[in-house]
Participant: 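Starting off with a structure, shown below.
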Amino acid sequence: MRAGRLKLLEERTRYEPSEVEGRVFARWEDSGIFHPDPAGRAAENYSIAVPPPNVTGSLHMGHALNGSIQDVCIRLARMRGRRTKWIYGTDHAGIGTQRQVEKALEAEGTSREEIGPERFVERVWEWRRLHGSTITNQFRRLGTSLDYADERFTMDHEYVRAVTRVFVRLYEKGLIHRDNYMVNWDPGLRTAISDLEVEQRTVEDTLYLIDYPLESGSGAVTVATVRPETMLADTAIAVHPDDERYSRLVGEAAILPLVGRRLPIIADEHVDPEFGTGALKITPGHDLADFEIGRAHGLEEVVVIGEDGRLTEAAPEQFRGMDPDEVRRAVVAALREEGLVSGTQPYVHDVPHSHRSGRRIEPLISLQWFCDMTELARPAIEVVRDGRVRFHPERPWTAVYLDWLENIRPWAISRQLWWGHQIPVWYRDDETYVGEIAPEGQGWERDPDVLDTWFSSGLWPFATLGWPEETPELRAFYPTDVLSTGRDIIFLWVARMVMLGIEFTGEIPFTDVNIHSIIQAPDGRRMSKSLGTGIDPLDLIQGGPRPPVYTEGGDFPAYGADALRFGLLAMSSSQDVRFNEDRVKQGRDLANKLWNASRLILLRVSEVEPDPGAAATVEDRWIVSRLERLTARVAGLYDGFRFSPAALELYGTFWSELCDWYLELAKPRLYEEDNEQVSGVLLWALEHTLKLLHPVMPFVTEEIWSFMPGAEGLLAAAPWPEADESRIDERAEAEVGRLIEAVTALRRYRDEVGAKASVPVRGRLVAEEYGALREQLARLARLELVDGASPDGDVLATVPIPGGGVQVLPSEAFDAEEARARIAARREELDKEVERAERKLANEQFVAKAPAAVVEEERRKLEEYREALRRLDG
RNA sequence: GGGCGCGUAGCUCAGUGGGAGAGCGCUCGCCUCACACGCGAGAGGCCGCUGGUUCGAACCCAGCCGCGCCCACCA
């Protein structure tokens, strides 16, 4: 059986991810290791709740990176023997999903309004049935070990019950209330949105100066505004209390042009006397600042703009039904006719826009549900301050989180959508009923609004585990351990989970928050489908078209999931990075290298137990020592959420030390008949490497694992190697270090003098240190070593190596003249080094103040260079 | 307006007090019986600028120049 499989290994000189990945994934999933029993307590178990992707979404680069990161954590914990659950599920994503279905309806020539709420919600569920598994299958392609067998959805019956419970409890606690208040109205989506869903965009506007005649008839007050259309709802004029230009007018009134309303002139500190004319028109119905000034002064709130963004019946007849742009032109024209526009100037400023629809926000007074956050924020601040919840990297995210929570404002939680968690409130005449189930009796009407999607997301780590029921899952896996996400949802999601988690479970929902890079397009822009800058992770895994942001290169090759994972982890850090296909390529090359190094080892070893104790030679002890160091280093990096250096160190040590040096050093012994000792070391080195790399590149490592002699079970469930410091061998490292330096120097010499690749250079080793490694030195440097007993006079050159040199003797390999010129150049180089070191050591300050070890190191180097020079001359 | 971050090799990025690193790209030589998705050897850097602290600065401090992000009710 094994022989048959080895044949496959023999024949395949390239690693083929597409042939391996599906098969390996099925083995994992069928084994059940992704789906743990809900046993034990959370403190001993390990869990992560995945940021739930939109149910009808598809995998993008952020998912791929974050999936890779979390999978490293999960696989590491699993190998360390923890009972491990990666909580999986999807989000109903209110606005996003509703928009998708609306578009589908439009394509059918109908609309949401036409089919009504009930039928619409049915259509959304149908949509979910059709598209809901896409992203799940894409996560499988990435190799992520999510608990797919226990999938949750934020609109599941049990989840809805949790959401309802939370709303009712917060209401009963007095933290949720309904109010007529100024909200960010999205006229495109026709719903209120929260402050966090608003983004500022820089807009070029015109600042209009408009004269408002005084009631007394003696002149006018000139106000400055970029939205003249809102004047129709003005109810006052405000000036700064200390502004002497206007102090005599405070208490008087002006007359609102076009409308005729009497506007009291009031004093308020929020007015900036430096801006415009120092007089501010007050529109409490359509501007947040004015709204607050209005409430402070008890001003009338006139509303002339409706929920569709058009002027309402409350506006003068000539303007009704106009959209904001139309009405602006019309109002300005009307004012000009009356000679009341006394100036205009271009004005560039930031204007709030809806993050979802891109439309300019229309601040409107509207009856909405609000959640007061101050009380919830207090313990959420506490747990981060005292380190119970830690951000990685700590800076700047800890401060970002704390700043926001310390200045938190009420959260507008109701949305005028049809898809989502309907607010559990019923009305009958003047009565309001808030409860988990509908009230008894006739005539109750349920509030048609739904909750902000982030309200339900905020319960994710515990509602997915069955809360409010005391389920075994909750006991086993809550609190979770790590939460990993991008910085863009620290406020929207992370902070709210902390607040709601503490409030409803009494515990922090996770102990570590990892904030990962945001990966930009290769040109530095945002990755986005509509911009043509988005790169589909699946196209990298299985091959596919390059997006328009690439102007050349044809299709992506099929790099494979391991390559993508490696690439994303290697390119990402704490700051935003541009997508770098070369890193993915590096990952593919690594998988291939791993495959081929494994072929070399597995096709030739004796079937023995992997055993670091089998180390018999200095190079054996060297590789064992190097891999033990790597183990400690990589574990530390993984645990510190430093995945990029971890991936790159694994790459470097495996490639440069294990492959380039150790495998080459071990080959002669491996090819011998009696190779059991070196087999033990090689198998140990391979096994160790596979384990360390498995969290990053699970497919290729699992596949190779299956070829190990006596392989049993899954690598994914194999024990993680703990670093063993007793196997660190400084002496072996120093000896092999010298060998490497010597071989490199000799190879460089060969290269410099143009030695023919296939012909050995004759030479005599003049150095004490190479005892056991003498043959290796000769073989790797392609030297024909002659006995040192009888020195002849025709030494062409001496190549300095640590501890001595190699006298080069004439041979067929190269031309002697050229060699002499090379030596002269090398001497110059060494002279420079000696001079530098001497200068440094001549500096009394340096010798006196630098740490002894540093000074000593410098002396050692100086001596080494002098020695090398002596060798060169002799 | 407030805050945060970035500027290091041609490109994308690590490095954060003791002689500048990786991958790709480039040059030269190799199909050496694991791998040409490979092997060997190299070239390439006023570590944005100016001052300061220090025996010593890419790294710490200050200022400046350039770029980016977040927060924010000055119309």
Participant: What is the distance, rounded to the nearest whole Å, between atom OH of A:Tyr651 and atom C1' of B:C37?
Facilitator: 10 Å
Participant: Side chain of A:Asp660, heavy atoms from C-beta onward: which of B:C39, B:A75, B:C35 has the nearest atom to it?
Facilitator: B:C39
Participant: Please give, in whole Å, the distance from B:C24 C1' to A:Arg578 CZ?
Facilitator: 16 Å
Participant: Mind calculating the distance between CD1 (A:Ile365) and P (B:C73) to the nearest angstrom?
Facilitator: 17 Å
Participant: Quick one: does any side-chain atom of A:Arg747 pair with a main-chain N or O of A:Leu780 as donor and acceptor, under 3.5 Å?
Facilitator: yes
Participant: Rounded to whole angstrom units, what separation is found between the CG atom of A:Leu594 and the P atom of B:G38?
Facilitator: 13 Å
Participant: Under 3.5 Å, is there a donor-acceptor pair between the A:Ser517 and A:Asp576 side chains?
Facilitator: no
Participant: For B:A20 versus B:A58, give the span between their C1' atoms, rounded off to a whole number of Å.
Facilitator: 8 Å
Participant: Please determine if A:Arg360 and A:Asp205 form a salt bridge, counting it only when a charged side-chain N lies under 4.0 Å from a carboxylate O.
Facilitator: yes
Participant: Looking at A:Lys593, I'd like to know whether one of its side-chain N or O atoms comes within less than 4.0 Å of OP1 or OP2 on B:G38.
Facilitator: no
Participant: Where does the angle between the aromatic ring planes of A:Tyr15 and A:Trp595 fall among parallel (under 30°), tilted (30 to 60°) and perpendicular (over 60°)?
Facilitator: tilted
Participant: Of all the choices, B:A34, B:A75, B:A41, which nucleotide is nearest to the side chain of A:Arg747 once you look at every atom?
Facilitator: B:A41
Participant: Which nucleotide in the list B:C37, B:A22, B:C13 gets nearest to the side chain of A:Gln586?
Facilitator: B:A22
Participant: Just how far, in rounded Å, is C1' of B:C24 from CG of A:Asn580?
Facilitator: 8 Å
